[in-house]
Amino acid sequence: MLSSCNRGPQPLEIHKGTEGITIDFGENIPPPQVYEGQYFLILANLWNKGAYTFNESRGDYGVVNIDYDPLYFNSSQNNQNKFYSDIPTFQLAGKSLEWPNGEKLNKEISLLGVNNIPGTRESPKVKLTASACYPYMTVLTQEICVDVDAYKADQNPVCRNKGTYTYTGGQGAPVSITEVEVSMIPLGSQLLNRPGSVADTDEEGRLIGMKESNENSRLFIIQPYFKIKIKNAGDGLVMTRTENIEIKDICSPTTGDRTFNDINNLKIDAWLGGTKLTCNPNPVRVLKDETQATCFLPREDASGVNRNYMSILTVKLDYVYRSFTERKITILRSNYK
Amino acid sequence: MADAIEDKLKEIEGLKFDKELEAERLDSTLDEDEKRKIRVTIFGINRKILTARKELYELREKNNTKWAKIKRGTKTGFKKAGGAVAGVGKATAWTAKKSWSGAKAVGRGGKAVGRSGKAAGDWVGGNILGNDRVKMEFLVGLAIGVHLIDFFGFGFRISWGSFFYRMVGYLVLSIVAYMILKPPFGEGVREFFIVSSIPVFLIPLLDQGIKLTGIPEIYPDTLSSVFLALPVWVIYLVYMKGLNYPFWSVWETITNFIAPIAWTKFYFFVLFIAVLVTLLSQSADLVSANNRLQTVGIDPGPAVDGLTELIHKGYDKFMKGTTSFFGSVPIAYNQMWNDSLGSYHSGKVEENADKTGVFIENFKTSGKYYEDIPITFFPIYKVRSFDQEIKMKVWCEAFDQRNKTNIVNATTDVDELLMRLEDQQGITCEFNTNPENTLTAGRYKVIAQAKFTFETWAYTNYIFMERNFVNSIRANGENINKKFKIDKKPVTIYTSGPLMMGMNKNVDLPFSIDYERKTKIPVGITIDNLQKSKGDLLNVNKFELRVPNEFKLNDQLCTRKVTGPVVDQEAENYVIYTFENPRKDLLQSFVTVDCSLEIDGADAQRLISNSGGITQASMIGTVEYNYLLKKALYLNILANPINAGGQS
């Protein structure tokens with residue numbers, strides 16, 4: 001009876017959610033109130049809630065930046081004693097069997113000193129902002145029907161093109177693919193009057209290879225088109241992952257050597273089965289948190305197939321993401337209270 | 001229930017008929033004794049009619065009649081519509097007449113709208129029930145709100161700065177009234193309501209008119225109190241039944257559902273008592289002072305004083321709470337208005353648990369004061385500051401209200417105080433202790449004063465980012481403020497004290513600065529003595545701007561002569577620019593300086609690279625000035641009772 005109530009372990013949904021790495025200040029570190037002349041630690045809680053694990057071979061690492069008003073705070077201790085690096089970095093694993101909830105890291109970022117309050121202000125409330133800037137990737141895999149039967153001649157097809165796939169829950173990354181619109185563009189057909197190769201599928205219609213056939217059959221040539229809608233579902237900023245620029249430079253809110261177009265772009269790659277698709281535009285610029293790209297099978301790769309089959313569409317978005325957190329800190333006068 | 005109402009109406013009609021019969025008996029042939037008897041009978045019938053009306057009202061309340069309109073006989077005063085509205089004027093005039101003759105103008109104002117009110121009178125005789133009652137409650141609430149905002153926010157001022165906002169308030173009220181007061185509320189009611197706004201809007205002129213009589217010189221606070229207590233709009237609404245009856249009728253009417261809405265009765269009862277006590281206390285002093293009347297037996301003065309103090313304490317608390325709420329509305333509007341002129345920079349005062357500054361407290365009258373008998377006041381000077389040690393000169397003066405040139409200096413135990421942090425010291429101000437500080441019988445304005453040097457600081461936090469980066473983000477349609485959690489405009493916080501100090505906030509954040517070329521940033525400071533009634537700004541000693549040392553002030557682009565920079569000893573990496581002190585005659589109004597700050601490419605890069613790219617930097621305005629703080633009270637000096645007795 002009891003065992004009947006046990007549902008067993010829930011399957012781990014790795015590619016689900018709209019968060020990447022979140023950053024928060026530690027509880028009471030920094031404290032909400034500090035005194036003049038005091039030093040206090042800045043602790044950032046970093047948590048990779050998404051699906052992407054940093055890949056060292058790609059040079060993946062994240063950086064943490066902290067911004068404050070130098071009228072009220074100073075980092076002179078850091079500079080003198082080198083307690084903390086100028087640009088703190090981190091690497092985190094995404095959700096996996098090893099890290100079911102993603103990897104967490106409490107990162108000590110800096111030791112700040114509180115300056116004496118100039119003038120007659122009693123207790124300034126000042127803002128401390130921290131940001132985590134990191135490379136990330138969104139991966140979508142979708143089973144789709146490669147529907148070659150443009151004339152609807154097949155009375156009992158393995159599958160039919162569903163047209164549009166929508167996604168509301170994200171793919172375990174701050175940038176989500178929200179919709180994939182599938183079109184099968186017919187390029188023509190040819191009658192096979194001699195025995196030859198035809199598509200070989202399993203029981204569920206998946207293409208498992210080509211097989212020799214002795215029957216006369218018609219081969220259809222189609223070009224699959226995918227219109228992919230993308231949305232910045234997080235509250236951070238998308239930045240371009242440029243291969244030859246260090247992450248810390250990409251994350252710097254200055255253009256540096258980058259051009260105007262390098263700021264808000266993301267790189268898109270897609271595959272149908274094992275064939276790489278051509279995506280246009282690429283990189284794609286994110287405008288007002290939304291954008292879309294079209295990926296298609298190059299014409300030269302489109303070959304004739306005699307019937308519908310199931311295949312896997314894989315889309316990868318490559319970008320750098322920056323998330324923020326802030327805390328208001330009240331400075332108290334040490335000579336008064 | 002309907003039968004009971006019908007019966008009650010018949011009973012009222014019958015009583016009215018009886019009353020008419022009795023009235024017809026009154027003719028000149030009767031002797032005085034018989035006439036008196038008939039009048040007593042009519043008086044009794046009147047009472048019965050009123051009682052019957054009350055009962056009828058209750059019946060209709062129970063019956064939840066949607067629209068109750070009591071048909072009153074044409075010969076009763078209630079039904080006279082013109083009288084009803086003229087009565088509002090008369091009643092106002094009556095109230096005012098008891099205090100000042102000048103207030104007759106209010107009465108004229110009421111009469112002026114009498115014609116519109118005639119039609120309104122058809123309605124005003126009734127009681128409002130059901131949905132109409134809810135509408136009327138809303139209108140009355142709105143009218144009270146507008147009145148209170150007008151009083152606390154603008155002091156009923158007709159000035160170019162407040163005119164627009166007052167106009168909007170009354171316009172909204174008029175529109176709402178126009179929408180609500182449609183038939184069956186009565187023909188002409190809404191026209192009456194809207195036309196009657198004119199005397200309300202012109203209260204300041206009334207104030208000026210009364211001042212010509214000289215009376216407000218004696219009663220400035222009372223005048224304000226009465227204006228506060230006379231939300232004329234509301235009175236028009238609530239008392240439309242008319243007050244053109246003898247006092248008993250007015251009182252009876254007030255206490256017996258003259259207000260068509262029950263809760264307004266309570267509101268007016270409280271205000272009526274408060275005004276009455278204030279008037280009584282002031283009138284008692286006036287009579288005593290001017291006519292040198294001596295009282296025998298129970299002296300009402302202390303009793304009234306005690307009650308007045310009690311009311312004043314409650315009133316003060318109410319004022320503090322209400323002023324802070326309603327005061328913020330016009331302040332915000334005025335800031336918008338002034339900012340739009342481009343020459344006035346505003347700020348928000350720092351929120352402290354206790355305000356910083358200098359304050360005079362415990363300066364008040366108690367009981368009666370006589371000539372030749374020593375009079376001592378104990379003002380307490382309080383200081384709350386941080387860095388500053390405040391040295392102040394303190395003294396008390398009495399100004400003869402009949403002869404302005406006659407100024408009497410009090411003898412004080414100290415004339416200088418030295419205080420810092422959170423400190424308080426009391427002094428004694430003595431009159432009538434020697435020939436130099438003698439106050440003869442009469443009315444005086446006594447002022448406790450303090451002259452001191454004070455500093456006000458204003459802090460504005462800016463966010464700077466590199467120009468190309470900002471433009472790239474914006475060009476992509478991103479909301480950079482939302483993405484980077486940055487406020488859209490800088491906010492200036494200034495320290496609490498006698499002066500307001502604002503700084504330029506007409507820039508968008510983040511402010512983008514260029515790595516390639518020089519970037520100019522507008523900066524401006526305004527100082528203004530917003531609390532002119534509490535004291536005078538005597539002169540400015542220092543007027544400065546502190547900026548991070550990456551920025552340079554272009555002295556050619558300043559509206560005031562500037563010197564500097566010098567390194568700031570107080571804030572690391574800051575420099576100070578000093579402006580020429582404004583002339584004394586300019587301090588009566590606000591003083592603004594506008595300048596251009598500049599940062600060149602290399603400095604911009606250094607500034608931004610020292611942070612995570614979202615660079616915060618504060619600009620600080622400071623002003624050091626001499627201020628004269630004043631706190632006044634009004635004092636009646638009575639003739640010495642012993643001397644007066646001897647004379648009689």
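In the text below, chain A, chain B and the rest are named by the order of the sequence lines, each starting its count at 1. Hydrogens, waters and symmetry mates play no part in the numbers below; they use all other heavy atoms, side chains included.
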Atom group of B:Ser618 that falls short of 4.5 Å from chain A, counting heavy atoms: both
Could you tell me whether B:Lys489 and B:Asp508 make a salt bridge, using a distance below 4.0 angstrom between a side-chain N and a carboxylate O? yes
What distance do A:Ile230 atom CD1 and A:Asp289 atom CG have between them, rounded to the nearest 0.5 Å? 12.5 Å
Strictly below 4.0 Å, N to O, side chains only: are B:Asp514 and B:Arg467 in salt-bridge contact? yes
Side chain, backbone, both or neither: which part of B:Ile620 has an atom under 4.5 Å from a heavy atom of chain A? side chain
Is A:Ser323 close to chain B through its backbone or its side chain, or both, or neither, when contacts mean heavy atoms under 4.5 Å? neither
Should the pair B:Phe464 and B:Tyr462 be assigned to parallel (<30°), tilted (30 to 60°) or perpendicular (>60°) ring geometry? parallel
When only pairs under 4.5 Å are counted, which of A:Leu237, A:Val63, A:Thr325 shares the most heavy-atom pairs with chain B? A:Leu237
Name the member of B:Ile493, B:Ile463, B:Thr356, B:Ile480 that forms the most heavy-atom pairs with chain A at distances under 4.5 Å. B:Ile493
Could you tell me which portion of A:Val286 (side chain, backbone, both or neither) has an atom closer than 4.5 angstrom to a non-hydrogen atom of chain B? both
Inspect the contact between A:Lys125 and B:Glu351 and indicate whether a charged nitrogen and a carboxylate oxygen are less than 4.0 angstrom apart. no
Picking from B:Thr495, B:Asn573, B:Asp568, which has the most non-hydrogen pairs under 4.5 angstrom with chain A? B:Thr495
In Å and rounded to the nearest 0.5 Å, what is the CD1 to CE distance from B:Ile513 to B:Met465? 10.5 Å
